[in-house]
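What you are looking at is a predicted structure, and each value in this text was computed from that prediction instead of being measured.
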Amino acid sequence: MKKKCIIITFVTFVVLAALTFLLPQEIPLHYGVSGSGSVANKYFILLFTPVPAFLYWAIVKKYKN
């Protein structure tokens with residue numbers, strides 16, 4: 001199961017890396033009540049690609065014991 005999760009994370013990273021060429025340079029994250037928003041660089045999404053896999057591994061490890 002660990003190998004499957006690593007493969008899924010790698011495939012997700014590859015797909016997101018390919019899609020970053022289609023995205024604008026800045027991506028809006030959220031908008032406030034006043035209408036002003038914050039933006040992030042398009043490569044910011046690649047930073048958080050492995051986060052779901054790490055959370056999954058932590059939960060599986062916690063309930064496996």
Side-chain angles (χ1 to χ4, degrees):
M1 174 118 57
K2 188 174 182 180
K3 187 176 181 179
K4 181 180 177 182
C5 194
I6 291 171
I7 291 171
I8 291 172
T9 303
F10 180 74
V11 169
T12 304
F13 184 79
V14 169
V15 169
L16 287 175
L19 290 176
T20 55
F21 295 110
L22 301 174
L23 294 173
Q25 190 62 30
E26 292 183 335
I27 300 172
L29 295 177
H30 68 86
Y31 292 98
V33 177
S34 63
S36 63
S38 61
V39 294
N41 194 327
K42 68 180 178 180
Y43 299 108
F44 184 72
I45 61 171
L46 295 176
L47 180 66
F48 291 104
T49 302
V51 170
F54 291 138
L55 290 174
Y56 174 75
W57 288 335
I59 291 170
V60 167
K61 185 177 180 180
K62 178 181 177 183
Y63 288 111
K64 200 172 193 178
N65 294 332

**OP:** Please answer: with hydrophobic residues joined when any side-chain heavy atoms are less than 4.5 Å apart, are V15 and L22 in the same cluster?
**Re:** yes
**OP:** State yes or no: do L19 and L46 share one hydrophobic cluster built from I, L, V, M, F, W and Y residues joined by side-chain heavy-atom distances below 4.5 Å, directly or via other members?
**Re:**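 The answer is no; the residues belong to distinct hydrophobic clusters.
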Original post:
Are the side chain of K42 and the backbone of T20 linked by a donor-acceptor contact shorter than 3.5 Å?
Top reply: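 Between the backbone of T20 and the side chain of K42 there is a qualifying donor-acceptor contact (under 3.5 Å).
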**OP:** Can you see which heavy atom on V39 is nearest to which on P28, and at what distance?
**Re:** CG1-CA, 4.0 Å
Original post:
Pairs in or reaching into residues 27-52: which pass ring-ring contact (aromatic ring centres under 6.0 Å, His included), with residues at least two apart or in two chains?
Top reply: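 Every ring-ring contact (aromatic ring centres under 6.0 Å, His included) pair that includes a residue of residues 27-52, provided the two are not neighbours, is F44-F48.
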**OP:** Could you list who else is in F10's hydrophobic cluster, with ILVMFWY side chains joined at under 4.5 Å, directly or through other members?
**Re:** V14
Original post:
For the atom pair CG (L47) and CG (L16), what is the distance rounded to the nearest 0.5 Å?
Top reply: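 Spacing of CG (L47) from CG (L16) equals 12.0 Å.
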Subject >> Approximate separation, where rounding is to 0.5 Å, of N41 CG and E26 CD >> reply: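 One finds 7.5 Å between CG of N41 and CD of E26.
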